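A short write-up of the structure that comes next.
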2 protein chains.
Amino acid sequence: MQKLLSNLKITINEKLYVKDPETSELGRNILKNSIILIDEIGFEAFTFKKLGEKIQSNESSIYRYFENKHKLLVYLTSWYWSWIEYRMAFATTNISNPVEKLEKAIILVTENVVDDNATPHINEGILSRIIVEEFTKTLMTKEVDNENKEGFFLVYKRVINRIIDIIKEVNPEYPYAKSLASNIVEGSLHQHFLKNHLKTITNLSEKECATEFYTDMAKKILL
Amino acid sequence: MQKLLSNLKITINEKLYVKDPETSELGRNILKNSIILIDEIGFEAFTFKKLGEKIQSNESSIYRYFENKHKLLVYLTSWYWSWIEYRMAFATTNISNPVEKLEKAIILVTENVVDDNATPHINEGILSRIIVEEFTKTLMTKEVDNENKEGFFLVYKRVINRIIDIIKEVNPEYPYAKSLASNIVEGSLHQHFLKNHLKTITNLSEKECATEFYTDMAKKILL
DNA sequence: TATAAATTGATAGTATTACTATTATATTTG
DNA sequence: CAAATATAATAGTAATACTATCAATTTATA
């Protein structure tokens with residue numbers, strides 16, 4: 001549980017952890033350094049043993065917080081989408097013009113993320129790199145249907161549903177609001193991946209974000 | 001659905017295999033059954049030992065064809081994109097109207113794939129399911145930059161480049177031809193994934209394909 | 001303050017994975 | 001028919017992904 005504003009907390013599905021990592025120093029250390037280590041060596045090479053060495057703690061202690069590294073990754077990605085959802089609620093509230101609301105929402109899911117100093121043990125900038133490189137791996141497993149039933153991806157779906165609702169406000173006649181919303185969110189991650197690794201098949205340049213491309217897309221489709 | 005010309009052989013980057021699997025019975029058996037087994041149990045659980053048991057051959061024999069399961073998966077996905085590229089060349093050649101050409105290209109990368117009987121050891125229908133569930137994993141590794149230099153993803157990029165060229169023919173003023181093309185190809189895979197697993201955030205229904213959504217998108221953006 | 005309870009650390013152990021190496025046995029080809 | 005090549009069988013290694021046990025330490029509570 002993380003305080004953002006004084007009264008707002010990020011809550012993560014209890015099934016994702018054995019012991020809530022936000023409740024202890026070791027737990028917060030696991031979160032902080034797993035983000036750094038996954039970013040450094042990639043999720044495939046990441047192990048609890050290596051993390052234990054990094055934080056000068058024991059492998060077995062980490063297992064008391066997370067059953068396995070997959071659930072840790074789902075935890076981290078859930079945290080990220082909660083953080084996006086929270087900021088999206090803020091950014092779009094009290095805006096009456098639906099087009100403007102959509103613009104704000106698209107900015108949030110397409111921009112380059114920088115660290116938000118409100119959470120000392122989570123570096124959102126690094127976490128967003130993990131989202132780009134590893135998020136789809138949390139979905140693309142043989143367990144996805146069971147995990148979906150358990151609510152592992154609820155926050156992610158909630159972010160997309162918020163965008164779906166705004167799209168419907170902008171143009172109630174458009175028949176593919178759901179696909180457009182999920183396409184923008186997932187597509188933006190993919191465009192960021194391409195700009196880092198397969199530069200020839202994206203228009204995004206090194207430090208550019210995907211906002212212009214997807215804002216242009218949404219407006220041409222909906223208006 | 002077109003058939004491959006009888007004398008046409010799909011050529012794959014030589015760095016992806018130790019011994020060309022197309023040149024022997026065992027090799028073709030590896031290809032055929034790896035597709036079936038990966039589809040059945042998922043790429044994470046797939047091992048050369050299990051494949052050896054399935055084809056009544058030995059783990060060590062499979063290692064003489066492929067260095068590791070990652071390269072086998074890249075081989076299979078390269079095969080798939082070559083097959084798509086070949087059919088796209090056929091489907092779009094001799095069509096003078098760029099919009100019609102784009103429609104044909106979009107159909108090829110968004111439709112539901114059924115087996116093409118021309119290749120007895122590759123079931124394209126099953127292979128396309130693997131593409132939906134596993135393709136991004138071939139890209140999203142820490143080795144992506146090296147492997148990209150080695151040309152592992154050339155065929156995939158060639159398919160996208162073909163679509164980029166058609167988009168430019170349709171509308172030379174549009175500034176995001178590359179991102180639109182890569183978004184359609186990757187996005188279509190993602191929409192198919194969502195219709196199978198996270199149905200609430202896509203408009204595609206069970207047996208529907210992504211053609212309508214992306215054709216509509218391309219036309220609204222480009223025309 | 002004493003004691004119980006919970007947390008963490010250290011060590012050991014297991015099954016599986018991802019290979020490599022060796023040798024024997026088929027099969028193909030020249 | 002001999003030589004070359006391909007495959008099968010077996011063994012072995014290091015790493016991974018855990019589980020279990022027990023001791024040491026910290027924290028809570030009566």
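Values reported hereafter were calculated over all heavy atoms of this structure, with side chains retained and with hydrogens, waters and symmetry mates removed. Quick caveat: nothing in here was measured; it's all calculated off a predicted structure. Sequence lines set the chain letters: A, B, ... in the order given, protein chains first and strands last, and positions in each chain run from 1.
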Exercise. CZ of Phe48(A) versus P of dC18(D): gap in Å, rounded?
Worked result: 8 Å
Seminar exercise, completed: In whole angstroms, the gap separating P of dT27(D) from CG of Leu26(A) amounts to 13 Å
Exercise. Which is true for Lys69(A) with a 4.0 Å heavy-atom rule: it touches a base, it touches only sugar-phosphate, or it touches nothing?
Worked result: sugar-phosphate
Exercise. In whole angstroms, how far is the C1' atom of dA15(D) from the CD atom of Glu44(A)?
Worked result: 15 Å
Exercise. Would a distance-only check, ignoring hydrogens and angles, find a side-chain to backbone donor-acceptor pair under 3.5 Å from Thr141(A) to Glu143(A)?
Worked result: yes
Problem set entry | Whole-Å distance separating the CD atom of Gln56(B) from the P atom of dT7(D) | 16 Å
Exercise. Tyr63(B) near the nucleic acid: base, sugar-phosphate alone, or nothing, with a heavy-atom cut-off under 4.0 Å?
Worked result: base
Exercise. Which listed nucleotide (dA9(D), dT16(D), dT8(C)) is nearest to the side chain of Asn58(B)?
Worked result: dA9(D)
For this session: Please work out if Thr47(B) contacts a base, only the sugar-phosphate, or nothing of the nucleic acid, heavy-atom cut-off 4.0 Å.
Result: sugar-phosphate
Seminar exercise, completed: From CG of Leu51(A) across to C1' of dC18(D) the rounded distance in Å is 15 Å
Problem set entry | Most 5' of Arg64(B) and His70(B) on DNA chain C, judged by nearest nucleotide | His70(B)
For this session: Answer with base, sugar-phosphate or nothing: what part of the nucleic acid does Glu67(A) contact at a heavy-atom distance below 4.0 Å?
Result: sugar-phosphate
Seminar exercise, completed: Testing dT7(D), dA9(D), dA10(C) for proximity to the side chain of Ser60(A), the answer is dA10(C)
Exercise. When all nucleic acid strands are considered with a 4.0 Å heavy-atom cut-off, which category describes Tyr65(B): base, sugar-phosphate, or nothing?
Worked result: sugar-phosphate
Exercise. Within the pair Lys19(B) and dA6(D), is there a side-chain N or O less than 4.0 Å away from OP1 or OP2?
Worked result: yes
Problem set entry | Nearest-angstrom distance from the residue atom CZ of Phe66(A) to C1' of dA17(D) | 17 Å
For this session: Using the six-membered ring wherever Trp is involved, compare the ring planes of Phe90(B) and Tyr86(B) and label them parallel, tilted or perpendicular (cut-offs 30° and 60°).
Result: tilted
Exercise. Starting at CD1 of Ile55(A) and ending at C1' of dT8(C), how long is that distance when rounded to a whole Å?
Worked result: 11 Å
Seminar exercise, completed: For Leu51(A) and Ser34(A) the tightest heavy-atom approach is CD1-N, 3.7 Å
Exercise. So, Glu53(B) and Lys50(B), do they make that salt bridge, N to O below 4.0 Å?
Worked result: no
Exercise. Going by distance alone, is a donor N or O of one side chain under 3.5 Å from an acceptor N or O of the other, for His197(A) and Glu133(A)?
Worked result: yes
Seminar exercise, completed: When Ser24(B) and Glu59(B) are each assigned the nearest nucleotide of DNA chain D, the 5'-most assignment goes to Ser24(B)
Problem set entry | Phosphate contact (dG9(C) OP1 or OP2) by Ser57(A) side-chain N/O below 4.0 Å | yes
Problem set entry | Whole-Å gap separating C1' (dT19(D)) and CG (Asn68(A)) | 14 Å
